Amino acid sequence: LYRYFPWLKIVMIIRDPISRVLAKITRQNEDGSIYHLCAEKRQLLGCIQDYLESGDGSYAEAIEGWLTTFPSDQIHVIQWEELLEAPDKVLFDLKYYLGMNVGELVGKFSMRGVPRTTATLRKGQYMRLIRQIEPEISTTLSLLQSHGVGVHKRTWLSRWESGWQRVLSSCTEQDECTLDHIELIDLA
């Protein structure tokens, strides 16, 4: 792409890997019931681990080529969780990066009404997933920061840690934790 479109501006959205895999494999039927795109009788934990181990949760591998090919001022990275927290700020920054009129539509974007689903895991299972993704997250954030694309490793990590803590604080006395997440959505 760089050979033919050296002026191209790249926009990446990066999400907590656990939430992203969950959104990929969890769907809500029209009746509100939840189903998983996993092999029959495969437990949710094993299914998530399979996706993560297959490299599906690996951002570093997927983005390294873009970061080493395009200049950093042609790459804009958005953290999904910041989009959920402050959609107007994120969209303002994106429009500024793209050279668009930043005044249009500001204050009118909302994530309300976007499909949300829940899944449950035992506390120990969820903590195991966090430990599994920590090395990948560290590698990804270091890679982004070293290429100077405006990612602040500590800020991003604190958002993800806050989300993980929210899940862990939802755990019941029976050790069941609720993972509330937004399904994959088509923004086109």
Side-chain angles (χ1 to χ4, degrees), residues 12-63 77-91 109-142 144 151-188:
M12 301 177 194
I13 298 179
I14 297 180
R15 180 179 190 170
D16 162 35
I18 297 171
S19 173
R20 187 176 67 80
V21 168
L22 247 161
K24 184 174 186 171
I25 64 174
T26 306
R27 296 292 182 266
Q28 186 171 10
N29 286 315
E30 288 183 24
D31 66 2
S33 63
I34 304 298
Y35 68 96
H36 303 287
L37 303 175
C38 300
E40 195 171 317
K41 296 186 179 181
R42 183 76 167 130
Q43 288 187 354
L44 182 59
L45 173 66
C47 188
I48 294 170
Q49 287 176 318
D50 289 349
Y51 273 91
L52 292 172
E53 289 169 6
S54 72
D56 205 17
S58 176
Y59 285 115
E61 187 178 307
I63 64 176
V77 184
I78 298 169
Q79 186 180 28
W80 171 259
E81 291 75 13
E82 184 181 14
L83 176 62
L84 297 179
E85 287 175 13
D88 285 329
K89 178 202 175 300
V90 171
L91 291 177
F109 185 78
S110 170
M111 295 299 282
R112 278 178 277 170
V114 174
R116 299 183 79 88
T117 57
T118 58
T120 57
L121 284 175
R122 299 190 66 72
K123 185 176 185 176
Q125 293 174 328
Y126 188 68
M127 291 174 73
R128 193 174 332 149
L129 287 175
I130 293 170
R131 285 191 302 275
Q132 182 178 348
I133 64 168
E134 282 177 331
E136 168 60 29
I137 284 175
S138 180
T139 301
T140 299
L141 294 179
S142 293
L144 289 166
V151 172
H152 297 88
K153 186 175 181 176
R154 189 66 230 146
T155 302
W156 277 46
L157 192 54
S158 69
R159 275 194 198 98
W160 284 336
E161 288 170 343
S162 174
W164 301 335
Q165 192 54 49
R166 238 184 339 273
V167 170
L168 292 171
S169 66
S170 77
C171 300
T172 65
E173 289 181 18
Q174 292 77 30
D175 215 22
E176 292 289 321
C177 308
T178 302
L179 289 74
D180 176 35
H181 61 281
I182 293 179
E183 293 183 28
L184 289 180
I185 55 176
D186 183 4
L187 296 175

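Because the structure is a prediction, the values reported are computed rather than measured.
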Salt bridge Arg122-Glu176, side-chain N to carboxylate O under 4.0 Å: yes

Flag, side chain of Thr139 to backbone of Pro135, donor-acceptor distance under 3.5 Å: yes

Any side-chain heavy-atom pair of Ile48 and Gln125 under 4.5 Å: no

Arg154: salt bridge (charged side-chain N to carboxylate O under 4.0 Å, His left out) partners, not counting sequence neighbours: Glu161

Residue pair Asp16, Ile133: steps toward the side-chain contact (heavy atoms from CB on, under 4.5 Å) verdict: CA-CA 9 Å; Asp16 162 35; Ile133 64 168; 3.6 Å; yes

Separation between NZ of Lys153 and OG of Ser158, rounded to the nearest 0.5 Å: 13.0 Å

The single option from Thr140, Leu144, Ile78, Ile14 passing side-chain contact (heavy atoms from CB on, under 4.5 Å) against Val151: Leu144

Between CG on residue Leu129 and CG on residue Leu22, distance to nearest 0.5 Å: 8.5 Å

Contacts of type salt bridge (charged side-chain N to carboxylate O under 4.0 Å, His left out), residue Glu61, not counting sequence neighbours: none

Donor-acceptor contact present, side-chain Tyr59 to main-chain Leu141, <3.5 Å: no

Residue pairs passing the ring-ring contact (aromatic ring centres under 6.0 Å, His included) test where at least one lies in residues 159-180, sequence neighbours excluded: Trp156-Trp160

Which atom of Lys123 lies closest to which atom of Cys177, heavy atoms considered: CA-SG, 3.5 Å

Within-4.5 Å side-chain heavy-atom neighbours: Glu134 and Ile137: no

Sidechain-backbone polar pair: Glu82 side chain, Val90 backbone, donor-acceptor under 3.5 Å: no

Ile63/Val77 under side-chain contact (heavy atoms from CB on, under 4.5 Å): CA gap, chis, key distance, verdict: CA-CA 11 Å; Ile63 64 176; Val77 184; over 6 Å; no

More than 12 heavy atoms from other groups under 6.0 Å of CE on Met127: no

